[in-house]
Asker: 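Got a structure here, written out as structure tokens. Questions coming.
It should be emphasised that the depicted structure is a prediction, and the values quoted were computed from it without experimental measurement. Positions are given from 1, in the same order as the sequence printed here.
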Amino acid sequence: MVGIVRRLVPGAILVVAVSLIGLAACEPQPPKPIDIYSFAGGCYALKDETTGKAVLRDTLGYTASQADVAKGTPFTLQATALGRYLLYGTGGHMPRAGTLDTVSSIRTPGPTADWTVKTQSGRLSLTNLSTGKGLTVRSGGRLGQGYAGEFRWSLVPTTGCLPFPEVEVGAVGTPFKGASPTAPVKGFLDAHTHISAFRFLGGKFHCGRPWSPYGVTVALKDCADHQPNGAAAAAENLFATGAPVGTHETEGWPSFKGWPRWDSLTHEGTYWRWLERAWRGGLRIVVNDLVENGALCEIYPLKAGTSCNEMDSVRLQAADMYALQDYIDAQAKGPGKGFLRIAKTPAEARRSINDGKLVMVLGVEVSEVLDCGKTGDTPHCTTAQIDQRLDELYALGVRSLFPVHKFDNALGGTAYDDGATGLLVNVGNKWATGEWWQPVPCEPGAEADNSPTNLSGEQELIYAVLGLGVAPLLDGDLPAYPPGPLCNPKGLTDLGIHTIKAMAARGMIVETDHLSVKARKEALTLLEQLGYSGLITSHSWGDDTSQKRLQALGGIVSPYARSTTQYVADWQEAKANRSTKFAFGVGYGSDTNGLGKQTSPRPDAAANKPVTYPYKTFDGGTTMQQPKAGTRLWNVNVDGAAHYGLFPDWIEDVRKIGGSQIIADMANGAEAYLQMWARADAAKTR
């Protein structure tokens with residue numbers, strides 16, 4: 001061929017070249033690849049490429065009958081997961097899988113209206129989630145269900161769509177991005193929250209969830225057992241008012257008349273759009289503690305069919321958090337495009353924050369951690385099982401762990417709870433271990449644990465919340481506790497010592513709160529011997545000496561965000577105890593969705609430096625507006641941190657009272673945490 005071309009005159013070469021180009025232009029070009037994630041939130045007409053006609057809704061369902069595609073029914077493509085959508089049409093109607101392979105209309109989102117989109121050769125298939133059958137066109141143009149692999153559809157941009165219901169973020173601006181993937185970060189650290197607590201106690205104790213594939217109207221609704229006026233919500237009433245009798249408004253979206261509230265402990269507070277508002281308001285790291293209490297789950301009378309085994313619950317909740325990450329990605333039009341990333345290493349976390357993301361670190365806060373409960377003095381686990389289960393948690397992405405939570409377990413003693421919570425948890429301790437708490441008087445001048453509340457005379461209250469199934473535990477002689485201060489005589493066991501060493505070997509972060517005074521002192525001594533820096537207090541538990549020891553090791557202090565004035569005092573203490581060897585920064589522990597009240601409104605806010613809306617974030621990059629959901633407006637001066645999206649407003653309140661230096665130290669909280677985590681990760685031996 002080369003020899004032939006060389007014999008041609010120059011003009012002929014030009015003619016041949018032009019001819020070849022023309023032939024190439026006439027060849028069929030492959031269709032441009034379709035990004036199935038890019039449809040999220042867009043407005044489209046659904047076109048049948050086989051007939052060229054668009055879909056219209058009628059009284060019987062839907063037909064592919066409109067020749068003018070611009071006049072087809074406009075659908076908002078509402079992502080339910082990566083590559084799955086509701087087709088949200090006019091009047092809130094959506095095509096759904098009906099009986100006998102029909103396709104009808106529904107206004108309540110759910111699996112029958114959920115369609116998986118796939119692409120091939122420039123066309124789309126839509127497969128129903130509930131039936132596994134594909135969207136097709138039958139005789140007369142009526143839509144029906146058929147073969148799942150039929151690629152006959154396209155989505156054509158149009159106008160006139162109805163917005164899908166959603167919570168407003170109320171923030172305008174661009175969150176922090178770093179100068180490079182390894183640059184220092186700026187922003188806040190919430191070292192203790194429970195985004196996955198909707199699974200807690202069998203799945204029916206908590207009302208609502210941080211997201212639903214089918215949106216806010218499904219995610220943010222009250223528990224069925226709270227209807228019609230909250231009178232049956234004994235746990236909600238007890239934790240809010242101290243008595244199991246009471247009522248509350250039960251409507252969630254759109255009015256939120258009675259919840260979420262700062263003192264409501266059974267209603268969802270971390271809806272994903274509120275989480276987004278916190279990120280836009282400066283949050284850079286959130287530690288999500290996967291939480292369960294197997295004994296109280298077994299006792300609590302209502303169940304959703306989920307296991308009460310704590311390790312099973314942890315596995316399920318970890319999967320939930322990856323699903324939440326994917327859901328947020330789906331709203332942002334593709335994998336990795338959402339604002340949330342679950343990080344497994346400090347380097348990965350730093351890269352994500354510098355890329356403008358919110359990092360989630362997975363922790364575990366359960367009472368029989370690693371299935372290490374006990375009966376009397378007999379443990380339910382061995383060192384080999386501890387190692388195997390730590391490896392499993394590590395593989396799930398868990399990097400932070402409480403060796404002890406609410407009960408004495410095979411690893412050590414607990415710090416007890418008092419008040420109404422203490423009553424219920426002591427019953428759980430008896431159920432799980434066969435023993436009531438057994439405190440002793442503390443040594444003179446020593447730090448004390450919480451003093452348990454006497455159960456005698458409180459049986460009716462306990463029955464109201466936990467049911468009559470606990471009656472056998474309360475029929476005998478109940479312990480009578482002397483006045484405090486009281487201490488738990490149980491410290492770390494040999495298995496507890498092994499667990500902390502094994503955590504250090506894996507570079508995991510040790511949570512020192514909930515350990516008894518004795519166990520915490522022993523844990524700090526062990527960590528000092530190891531020279532290990534991976535530890536944190538996220539509840540403000542521990543005396544001045546314990547906190548100094550923790551900070552001397554390079555640990556992080558994240559005081560409980562219970563009130564503005566108390567947090568300022570806790571910050572001052574942490575600053576006074578700081579070590580000059582390490583970068584100083586403080587986090588906060590919101591404990592949202594946990595059994596602890598959120599930040600209350602500051603009593604003097606109206607007269608003394610109230611937060612005014614709008615305001616700028618600490619870095620000046622974002623304007624925070626008054627948060628709104630449906631028809632409800634919240635105001636931190638009146639509502640406190642009623643939900644997670646109000647924590648930026650609480651931080652603004654902290655600035656008003658504590659000044660610029662406290663905000664600077666809080667804005668260094670994420671960086672201090674990353675440095676602590678990096679030291680722990682560098683020290684691991686496994």
Asker: Out of Asp591, Asn593, Thr592, Thr270, which one pairs with His194 under the side-chain hydrogen bond (donor to acceptor under 3.5 Å, both in side chains) rule?
Answerer: Asp591
Asker: Should the pair Phe402 and His539 be assigned to parallel (<30°), tilted (30 to 60°) or perpendicular (>60°) ring geometry?
Answerer: tilted
Asker: Hey, is the main chain of Glu368 close enough, under 3.5 Å, to the side chain of Glu310 for a donor-acceptor pair?
Answerer: yes
Asker: Name each donor-acceptor pair under 3.5 Å that joins a side chain in residues 198-206 to protein atoms two or more places apart or in another chain, with its distance.
Answerer:
| residue | atom | partner | partner atom | Å |
| --- | --- | --- | --- | --- |
| Arg199 | NE | Asp320 | OD2 | 2.7 |
| Arg199 | NH2 | Asp320 | OD1 | 3.0 |
| His206 | NE2 | Glu268 | OE1 | 2.8 |

Asker: Given Gln598, which of Tyr644, Trp650, Phe647 fulfils the side chain to side chain contact (heavy atoms under 4.5 Å, CB included) condition?
Answerer: Phe647
Asker: Does Tyr615 use its side chain to pair, donor to acceptor, with the backbone of Asp649 at less than 3.5 Å?
Answerer: yes
Asker: Is there a donor-acceptor pair under 3.5 Å between the side chain of His380 and the backbone N or O of Thr375?
Answerer: yes
Asker: So which heavy atom on Asn229 is nearest to which on Thr247, and how close?
Answerer: O-CB, 3.1 Å
Asker: Would a 4.5 Å heavy-atom cut-off, applied to side chains only, mark Cys381 and Leu370 as touching?
Answerer: no
Asker: Run Val286 and Val361 through side-chain contact (heavy atoms from CB on, under 4.5 Å) and show every step you take.
Answerer: CA-CA 6 Å; Val286 57; Val361 179; over 6 Å; no
Asker: Please find out if less than 6.0 Å separates the ring center of Tyr327 from that of Trp272.
Answerer: yes
Asker: Which value, rounded to the nearest 0.5 Å, describes the distance between Asp263 atom CG and Thr599 atom OG1?
Answerer: 12.0 Å
Asker: Main chain of Asp312, side chain of Ser307: is a donor-acceptor contact present, judged purely on distance under 3.5 Å?
Answerer: no
Asker: Do Arg520 and Glu447 sit within salt-bridge range, that is, some charged N less than 4.0 Å from a carboxylate O?
Answerer: yes
Asker: Taking the cut-offs as 6.0 angstrom to the six-membered ring centre and 45 degrees off its axis, would you call Arg209 and Trp211 a cation-pi pair?
Answerer: yes
Asker: Go through the structure and list residues passing side chain to side chain donor-acceptor pair (under 3.5 Å) with Arg389, not counting sequence neighbours.
Answerer: none
Asker: Counting only N and O atoms by type, is there a donor-acceptor contact under 3.5 Å from the side chain of Asp639 to the main-chain atoms of Ala642?
Answerer: no
Asker: Mind checking the CG-CG spacing from Asp225 to Leu302? Nearest 0.5 Å is all I need.
Answerer: 5.0 Å
Asker: Grab the two heavy atoms, one from Thr433 and one from Asp408, that are nearest each other, plus how far apart they are.
Answerer: CG2-O, 3.5 Å
Asker: Give a yes or no on this: more than 12 heavy atoms of other residues, nucleotides or ligands lie within 6.0 Å of atom NZ of Lys221.
Answerer: no
Asker: Go through it in stages, so that I can follow the logic: the residues are Leu393 and Met311, the test is side-chain contact (heavy atoms from CB on, under 4.5 Å), and I'd like the CA-CA distance, side-chain angles, deciding distance and then a yes or no.
Answerer: CA-CA 9 Å; Leu393 290 181; Met311 284 292 286; 4.2 Å; yes
Asker: Run the side-chain contact (heavy atoms from CB on, under 4.5 Å) test on Val216 and Tyr271 for me, step by step, so that the C-alpha distance in whole Å, both residues' side-chain angles and the decisive distance to 0.1 Å come before the verdict.
Answerer: CA-CA 8 Å; Val216 64; Tyr271 186 65; 3.4 Å; yes
Asker: Quick one: do His514 and Lys406 satisfy side-chain contact (heavy atoms from CB on, under 4.5 Å)? Show the steps, please.
Answerer: CA-CA 7 Å; His514 287 294; Lys406 293 293 187 182; 4.0 Å; yes
Asker: Check whether any side-chain N or O of Thr617 sits under 3.5 Å from a backbone N or O of Gly281 as a donor-acceptor pair, and report yes or no.
Answerer: no
Asker: Just to verify, which of Phe407, Trp437, Trp436 counts as forming a ring-ring contact (aromatic ring centres under 6.0 Å, His included) with Tyr416?
Answerer: Trp437
Asker: Can you name the nearest heavy-atom pair linking Pro165 to Thr217, along with the distance?
Answerer: CB-CG2, 4.4 Å
Asker: Say whether, by atom type as modelled, one donor and one acceptor occur between the side chain of Gln626 and the main chain of Trp634 under 3.5 angstrom.
Answerer: yes
Asker: Look at the side chain of Asn409 and the backbone N and O of Gly412, then say whether any donor-acceptor pair between them is shorter than 3.5 Å.
Answerer: yes
Asker: Can a donor-acceptor pair be found, under 3.5 Å and without considering hydrogens, that links the side chain of Asp417 to the backbone of Gly422?
Answerer: no
Asker: Could you measure the distance from the NE2 atom of His643 to the CH2 atom of Trp262? Nearest 0.5 Å is fine.
Answerer: 16.0 Å
Asker: Which distance, rounded to the nearest 0.5 Å, do you find between the CD1 of Ile651 and the CG of Leu646?
Answerer: 11.5 Å
